[in-house]
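For the numbers below, each heavy atom of this structure counts, side chains included, while hydrogens, waters and symmetry mates do not. Below, read A as the first sequence line, B as the second, and so on, with proteins coming before strands; counting in each chain starts at 1.
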There are 2 protein chains.
Amino acid sequence: MFQSSAPRGVTPSRSRDHNRQLVLGQLQAGGALGRAEIARRTGLSTQAVSNIIAELEGDGLLRVEGTARGSRGLPARQYVLDAAGAYALGIEVRPGALLAALLDLTGRPVWNARLPLARAAPEAVTALLPGLRDSALAAAPGAADRLLGAGVALPGPFGRTGIASDLPGWDGLSAAEVFAPLDLAITVENDANAAALGERIALAPEGVTSFACLYFGTGLGLAIVQDGRLFAGAHGNAGEIGHVPIPTSEGPQPLEALLSRLSVERHLREAGRAAADMDALAALHAGGDPALADWIAGAAGPLGLAAGLIENLLDPQTIVLCGAMPEGIVRALVEVAPLPDRSVARRPDRTQPPLRVGRCSRLAAVIGAGALVLNRTFTPALAA
Amino acid sequence: MFQSSAPRGVTPSRSRDHNRQLVLGQLQAGGALGRAEIARRTGLSTQAVSNIIAELEGDGLLRVEGTARGSRGLPARQYVLDAAGAYALGIEVRPGALLAALLDLTGRPVWNARLPLARAAPEAVTALLPGLRDSALAAAPGAADRLLGAGVALPGPFGRTGIASDLPGWDGLSAAEVFAPLDLAITVENDANAAALGERIALAPEGVTSFACLYFGTGLGLAIVQDGRLFAGAHGNAGEIGHVPIPTSEGPQPLEALLSRLSVERHLREAGRAAADMDALAALHAGGDPALADWIAGAAGPLGLAAGLIENLLDPQTIVLCGAMPEGIVRALVEVAPLPDRSVARRPDRTQPPLRVGRCSRLAAVIGAGALVLNRTFTPALAA
DNA sequence: TTGAATACACAACCTTGTTGAGTTATTCCG
DNA sequence: CGGAATAACTCAACAAGGTTGTGTATTCAA
């Protein structure tokens, strides 16, 4: 599915696309800004920014929100993103369910749904799409002709041609075909990468643009974001941290055997607990279940090792944990994980915590799927 | 020293820069090409390519080399890089020596020098620069007004402000000041990153643009190259793989305690061998020294683990080993390293070997330092 | 009240890439 | 052997987008 694409020549219209994205990205990260301020931040002339803003305002993507006061000179009109100016549809396919969410331009989910899937067969998914689309659009009046596209999150890793290999029957399929009934531009990513872009929207106002994201899915995934863009590797499968061997008293074991939902479920089952879903897990944690506390204590070490690996290899601003694991448990893991004292990321002027809790919920990847589309709208193609 | 810079707006002249780089990059990777072929590869119109080529030819960066034959239609004039069209100066500062190399436009070193440094004090380096520059220019007549700039490789990791922290007395210095006597545009990188860009030039014709580079320096460094650009992390210090703990029979040890020049030297010293420099090491290896064979056997396991980590986390096309380790030893390591059988990079259609031997010599980082400058000339700023 | 500072609009201009018509050289095929 | 097909390349007109210079409105401070 993924193919590292060759860089293309720049034409005037591609320049404009880039600069539009740049302006939108400033507003996403910086809140309300005036034209002159945007011009200073982007290095464009105020005139260029003015033209672009007029265009974006015409498209309904932004609107004036008051004027700046308190400084000399003509007060600047402040622009903000218009949440209702555009929408993105996020879809997540899991072995047991199809999830969907509709995000507004600011990344807030305005609608979401979860449909059980007996088998995650492509035809079954395709059949559900028209109804899904209708429900989503019914939730947001006016969104119909303002849909930027649809993002799809699938369990990775991907094969070179075709889609996901973790879902049975999907190998070698074209995403465009399976999701054709949506009649939208389709962007596909693995669940961890999608979730990371979902987190990016929340982190952008804090100035976090380069980070790693540990994602609890079926196993444990890692997404790497650099300057707001995904680091995908040569074939789109970077971040398979779950396979990394971790030394234990019983010899090396894959990280995801120690730190994942399957791991906690197995541990609890062996202790005689039933923890079929996230709610049950959260309840156990809230109740101070000793078996769960035991698992957390055992998983904290591997998490610390993984954090050390990631910091040393990737030097991120922070590492975000998200995905299908109750927030309380993730918070507990973050609090007790023993971080390595020697790391290039352990710098005195660091402002971000080494580990932080992200959007921990079933919705992390669906929201991320929608964010795939928004990200394309906000992140300029031009590298620094 | 490193600062992740914000993306900037695109202006017509920046577009031209990008497209010039794109054209040069095609010639670097693809050898002799005609205008129409370049246009097809870059997605630009033939006219745009024609204009750019005329400009580049005027600047002396490329020249016609014959015409294509054997196909229908007007035979295409083939263009190649003109090696003597531009030069880049590479400088490497080590604790014991100052190295320099002059690269032509194709990345070939046309001159190099090694000056001993009692103390690698900044003032001592600054004092040597004018002489160095003169010697380099004397070796390549006409290079004086065709110098693109100077690249500087320093042992990392870097502090946020100022230069290298591994070299005593350099912390907090500005590279522009220390290297001001060169009167050239200065680009600074850590040694592993520089070496990786040196390898990139050699790998580009094979279509390798995303790879990792394990570098033998004082310790062990890792550089990550994605689409021809360095992955630097949030603060420029990605790739500190030497600190990663590796399980051994005596408990976890940092990778660079098992796989580095210091490691092999210590091992040989304990066995009563003297192996002060690379020549001595190479001689021992050629002579089939059992203590050295012993070290290689012991280091192969950690190398395999490191390769597994890198493949799973970064999904590169290949992993290149280079730096201050005799080529024969590196070759032996690559041959016996046990690679993990489970890895996202282990794909059926893979064309590159998982591990390969790079430019193993004292010069890897100096050449890479020069390549820093060439890379800027060849790699477009536009991401895919 | 006056002047400095600041945001912004308008218009002319520059750079760059695209498009379409026309030229030239080579191969293919009758 | 000669015409048709093919492909590379050039020239000229055009379009898109950004910059620069000039002018105006609005606010703060002296």
Side-chain angles (χ1 to χ4, degrees), chain A residues 7-24 26-27 30 32-59 62-79 380-382, chain B residues 7-23 26-27 30 32-59 62-80 380-382:
Chain A
R8 287 214 326 254
V10 175
T11 65
S13 82
R14 295 233 308 151
S15 291
R16 171 60 78 116
D17 281 347
H18 172 90
N19 289 341
R20 271 177 67 122
Q21 290 167 14
L22 200 57
V23 169
L24 286 173
Q26 293 297 325
L27 292 181
L33 293 172
R35 304 175 148 168
E37 179 58 26
I38 295 173
R40 276 189 297 268
R41 294 191 185 199
T42 57
L44 290 170
S45 62
T46 58
Q47 189 53 51
V49 173
S50 252
N51 295 339
I52 290 167
I53 282 195
E55 202 178 271
L56 291 173
E57 209 175 359
D59 292 348
L62 43 81
R63 61 164 202 273
V64 179
E65 188 164 87
T67 52
R69 307 212 46 120
S71 74
R72 251 192 209 190
L74 198 159
R77 260 171 292 172
Q78 302 295 99
Y79 289 87
L382 243 176
Chain B
R8 285 215 326 255
V10 175
T11 65
S13 82
R14 295 235 306 152
S15 290
R16 172 60 81 124
D17 282 347
H18 171 89
N19 290 339
R20 272 177 65 124
Q21 290 166 14
L22 200 58
V23 169
Q26 294 296 327
L27 294 180
L33 293 173
R35 302 172 158 185
E37 178 58 27
I38 295 173
R40 276 188 297 270
R41 294 190 184 200
T42 56
L44 290 170
S45 63
T46 57
Q47 188 54 50
V49 172
S50 253
N51 294 341
I52 290 167
I53 282 195
E55 200 179 275
L56 292 172
E57 207 175 359
D59 290 348
L62 43 81
R63 60 164 203 273
V64 179
E65 188 163 86
T67 53
R69 307 211 47 118
S71 74
R72 260 193 202 188
L74 198 160
R77 260 172 293 171
Q78 302 294 99
Y79 288 86
V80 293
L382 243 177

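Nearest heavy-atom pair, R35(B) versus S50(B), reported as atom, atom and distance to 0.1 Å: NH1-OG, 3.3 Å. The heavy-atom pair separating S15(A) from S15(B) by the smallest distance is OG-OG, 3.1 Å. Nearest heavy atom pair, residue G34(A) against residue A76(A), reads CA-CB, 4.3 Å.
Between R77(B) and dA25(C) there is no side-chain N or O to OP1 or OP2 distance below 4.0 Å.
Applying the side chain to side chain contact (heavy atoms under 4.5 Å, CB included) criterion to L62(B), with sequence neighbours excluded, gives L24(B), L27(B), I53(B), L56(B), E57(B), Y79(B). Partners of T11(A) under the side chain to side chain donor-acceptor pair (under 3.5 Å) rule, at least two apart in sequence or in another chain, do not exist in this structure. With sequence neighbours excluded, no residue forms a salt bridge (Lys or Arg N to Asp or Glu O under 4.0 Å) with R77(B). Here S45(B) pairs with Q47(B), A48(B) under the side chain to side chain contact (heavy atoms under 4.5 Å, CB included) rule; sequence neighbours left out. Take D59(B) and apply the salt bridge (Lys or Arg N to Asp or Glu O under 4.0 Å) test, not counting sequence neighbours, and it matches R20(B). Residues satisfying the salt bridge (Lys or Arg N to Asp or Glu O under 4.0 Å) criterion with R40(B), sequence neighbours excluded, are E37(B).
Rounded to the nearest 0.5 Å, atoms CG (L44(A)) and NE2 (H18(A)) are 7.5 Å apart. Residue I52(B) holds its CD1 atom at 5.0 Å from CZ of R16(B), rounded to the nearest 0.5 Å. Between atom OG1 of residue T42(A) and atom CZ of residue R8(B) there is a gap of 10.0 Å, rounded to the nearest 0.5 Å.
Between R69(B) atom CZ and dC28(C) atom P the separation is 12 Å, expressed in whole Å.
Among the heavy atoms of the strands, none lies under 4.0 Å from R20(A).
Checked by atom type and distance alone, the side chain of N19(B) pairs as donor or acceptor with a backbone atom of V10(A) at under 3.5 Å.
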Polar atom pairs between nucleotides 17-19 of chain C and protein, under 3.5 Å, N or O only, would you list them?
residue	atom	partner	partner atom	Å
dG17(C)	OP1	N19(B)	ND2	2.7
dG17(C)	OP2	R16(B)	NE	3.2
dG17(C)	OP2	R16(B)	NH2	3.3
dT18(C)	OP2	S45(B)	N	3.1
dT18(C)	OP2	S45(B)	OG	2.5

Considering only nitrogen or oxygen atoms on both sides, find all protein atoms under 3.5 Å from nucleotides 1-4 of chain C and state each distance.
none

Dot-bracket for DNA chain D, 5' to 3', with Watson-Crick and G-U pairs under 3.5 Å, [ ] for crossing pairs and | for other-strand pairs: what is it?
||||||||||||||||||||||||||||||

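When each of A36(A) and T67(B) is assigned the nucleotide of DNA chain C with its nearest heavy atom, A36(A) is the one assigned upstream, toward the 5' end.
Protein chain B contacts DNA chain D over a range whose 5' and 3' limits, counting nucleotides with an atom under 4.0 angstrom from a non-hydrogen atom, are dA5(D) to dT19(D).
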